[in-house]
Amino acid sequence: MPPKRKFLRFQCHCHGRKCSDTNPLVVLQPLMRDVSSQRKYRFSALPTSVLLYNKPEGSDIKLVVGSNVFYAHRSLLSAASEIFAAMLNENWSESRANELVLQEDPECAKVFERFLYFIYSGTIVLSESYVVPLFMLADKYNVKSLYDECVKVIENGLKVFMVPEYRIERGSAFGHHFTPTVASSSSNSSDSSDSSDFFECDTMATPLSVAGDAVDSFPIPGSSLGSDPNRTKMVASETFPVSMVVKMLQYCHNERIQRAALFNLEARVGNQICQGNYSAIWNDLTVDLVVKILADNRFCYPEHLLFEATKEWLMVNEDRDVVETIEMVLGQIRFPLLTTSQLYSVMNDGFVKKSQKIVNLIEEAIKYKLFADCCSIEDKEKWSGSQFEPRRPLQ
């Protein structure tokens with residue numbers, strides 16, 4: 001607060017008699033110190049509550065997690081988590097006990113000590129090796145700050161990289177050469193921006209080697225479809241094992257993690273399908289995940305390969321060879337994207353003949369390919385929807 005100003009009125013004395021005129025009002029302005037050059041420092045320290053972490057002294061409740069016992073404080077737990085506050089409420093019978101037994105998964109029990117320390121201190125070191133069980137604990141007990149940070153780390157570990165497609169070039173005297181094609185920097189898909197957070201592009205300005213006019217080149221088996229020189233392929237980060245990614249898709253309700261996990265799994269599965277390797281991941285997926293992957297527009301691989309992979313998945317287990325399951329999974333195949341010869345082969349397949357619904361889809365696909373240019377308005381409306389939409393790769 002600035003110092004107050006003083007107001008003084010001076011009187012003059014003329015030969016011993018009082019002058020009727022006084023001097024004008026004089027304002028004394030104190031000298032203000034220049035504070036513009038002063039530096040300010042922010043200092044922070046761990047809250048004093050961290051001194052109470054897992055200390056028997058002053059503790060009023062014990063948390064039992066598996067074989068471990070943690071000394072805690074009801075007020076701190078209730079302030080940090082609404083779930084703890086409800087569990088320790090007087091309406092719960094357990095709230096009157098001195099021990100609270102928490103049923104946690106083995107993975108979560110291993111990191112519960114870190115979780116509890118965060119509640120007391122507000123600090124934690126996150127690692128991709130144990131971030132998922134920490135995320136599950138933060139979600140279960142509604143600790144929002146820790147939850148948000150875990151989401152960021154998990155998303156980063158689920159990234160999918162876009163790399164140039166490699167081709168094998170068959171030369172005369174030099175054997176085979178691997179040549180990366182240049183990745184395109186633009187995309188024709190309006191949906192590609194939705195997934196930009198989960199993809200990183202690795203592009204090359206020039207190929208490593210250039211084939212001559214007489215060189216015969218062909219794609220490596222397992223690369224993306226077509227002969228587009230600017231095509232790229234997805235390579236998924238393997239920070240998390242497949243089992244963990246599948247678990248995220250099945251039990252995690254966070255939309256951002258769901259999308260990132262789906263892209264990650266699709267990249268792993270798609271490359272194996274193109275190589276004809278169905279046993280590594282694909283055949284072990286549940287029917288819900290198979291349907292979700294096949295229905296995704298960005299699962300962009302040759303449609304006939306997806307049909308063959310779906311057949312292999314159906315043949316692995318006899319329980320899958322039922323009409324309802326056949327219609328669920330084969331109903332996601334986009335038959336209008338197949339060629340005429342492929343449609344003929346699919347039409348005579350044994351699995352297709354088991355379901356009249358799938359047969360009807362193939363018949364509509366044949367009509368679409370024959371009459372799409374000269375059909376009526378009613379047929380155009382009928383030939384719309386996901387079955388007739390092309391899959392959109394990220395290029």
Side-chain angles (χ1 to χ4, degrees), residues 188-191 219 221-228 231 262 265-266 269-278 282-283 285-395:
N188 296 328
S189 172
S190 60
D191 296 342
S223 61
S224 304
L225 68 156
S227 57
D228 185 357
R231 184 168 296 280
L262 181 61
L265 184 62
E266 286 176 353
V269 168
N271 292 332
Q272 292 186 354
I273 285 178
C274 289
Q275 296 171 0
N277 181 10
Y278 309 115
W282 176 253
N283 286 341
L285 297 179
T286 63
V287 60
D288 293 335
L289 284 179
V290 171
V291 171
K292 183 180 289 189
I293 290 174
L294 292 175
D296 191 5
N297 276 350
R298 294 178 181 84
F299 193 55
C300 187
Y301 295 91
E303 207 68 26
H304 69 282
L305 292 183
L306 300 184
F307 176 80
E308 293 297 328
T310 306
K311 280 176 52 181
E312 289 289 335
W313 183 87
L314 289 168
M315 290 187 294
V316 167
N317 195 326
E318 294 180 356
D319 296 337
R320 300 173 180 175
D321 190 6
V322 293
V323 175
E324 182 180 1
T325 304
I326 291 173
E327 291 179 351
M328 287 179 64
V329 293
L330 287 183
Q332 306 304 322
I333 300 298
R334 307 186 183 189
F335 296 106
L337 303 184
L338 297 174
T339 64
T340 306
S341 60
Q342 290 169 350
L343 280 172
Y344 179 80
S345 175
V346 167
M347 191 70 173
N348 297 308
D349 188 87
F351 277 105
V352 170
K353 292 181 178 180
K354 293 180 181 181
S355 170
Q356 185 60 40
K357 179 180 177 180
I358 303 302
V359 172
N360 294 339
L361 289 177
I362 297 175
E363 290 177 351
E364 289 299 322
I366 294 173
K367 293 178 184 179
Y368 171 79
K369 296 186 76 68
L370 291 174
F371 309 120
D373 296 333
C374 57
C375 63
S376 62
I377 297 178
E378 292 78 7
D379 285 334
K380 285 185 178 180
E381 293 178 353
K382 183 173 61 175
W383 293 336
S384 60
S386 59
Q387 271 280 319
F388 300 87
E389 291 180 1
R391 299 183 184 272
R392 301 185 180 95
L394 287 173
Q395 295 183 350

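Numbering starts at 1 and runs along the sequence shown. Quick caveat, the model's predicted, so the values are computed rather than measured.
- Looking at Trp313 and Val287, their side chains come closer than 4.5 Å, going by heavy atoms from C-beta outward.
- Note that CG of Asp296 is 8.0 Å distant from CZ of Arg391, once rounded to the nearest 0.5 Å.
- With contacts defined as side-chain heavy-atom distances shorter than 4.5 Å, the pair Phe351/Ile358 does not qualify.
- Atom CE of Met328 and atom OG of Ser355 lie 12.5 Å apart (nearest 0.5 Å).
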Determine all donor-acceptor pairs shorter than 3.5 Å in which one atom belongs to a side chain in residues 361-371; sequence neighbours excluded.
{"unit_1": "Glu364", "atom_1": "OE1", "unit_2": "Trp383", "atom_2": "NE1", "d": "2.8"}
{"unit_1": "Lys369", "atom_1": "NZ", "unit_2": "Leu338", "atom_2": "O", "d": "3.0"}

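- A heavy-atom distance below 4.5 Å is not found between the side chains of Tyr278 and Val316.
- Legend: residues meeting ring pair (Phe, Tyr, Trp, His ring centres under 6.0 Å) with Phe299, ordered by chain and number and at least two apart, are Tyr301.
- Taking CG of Leu265 as the start and CD1 of Ile293 as the end, the distance is 4.0 Å to the nearest 0.5 Å.
- In this structure, Leu343 CG and Asn348 CG are separated by 11.0 Å, a value rounded to the nearest 0.5 Å.
- When all heavy atoms are compared, the tightest approach of Leu294 to Thr310 is CD1-OG1, 3.6 Å.
- Atoms NZ and OG1, on Lys292 and Thr286 in that order, are 8.5 Å from each other to the nearest 0.5 Å.
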Practice problem: Decide side-chain contact (heavy atoms from CB on, under 4.5 Å) for Met347 and Val359; before the verdict, give the C-alpha distance in whole Å, the side-chain angles of both, and the deciding distance to 0.1 Å. | Solution: CA-CA 7 Å; Met347 191 70 173; Val359 172; 3.8 Å; yes
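- For the pair Lys354 and Asp321, the minimum side-chain heavy-atom distance is below 4.5 Å.
- Contact annotation: the side chain of Leu306 approaches that of Glu303 to within less than 4.5 Å [non-hydrogen atoms, C-beta and beyond].
- Put simply, the side chain of Ser345 never gets that close to the backbone of Gln342: no donor and acceptor are under 3.5 Å apart.
- Scored by the side chain to side chain donor-acceptor pair (under 3.5 Å) test, Ser341 finds Thr339 as partners (sequence neighbours excluded).
- Judged by distance alone, with hydrogens and angles left aside, the side-chain atoms of Gln387 form a donor-acceptor pair with the main-chain N or O of Ile333 at under 3.5 Å.
- Residues Arg334 and Asn297 have side chains in contact (heavy-atom distance under 4.5 Å, counting atoms from C-beta outward).
- Note that CG of Leu330 and NZ of Lys357 are 11.0 Å apart. Values are rounded to the nearest 0.5 Å.
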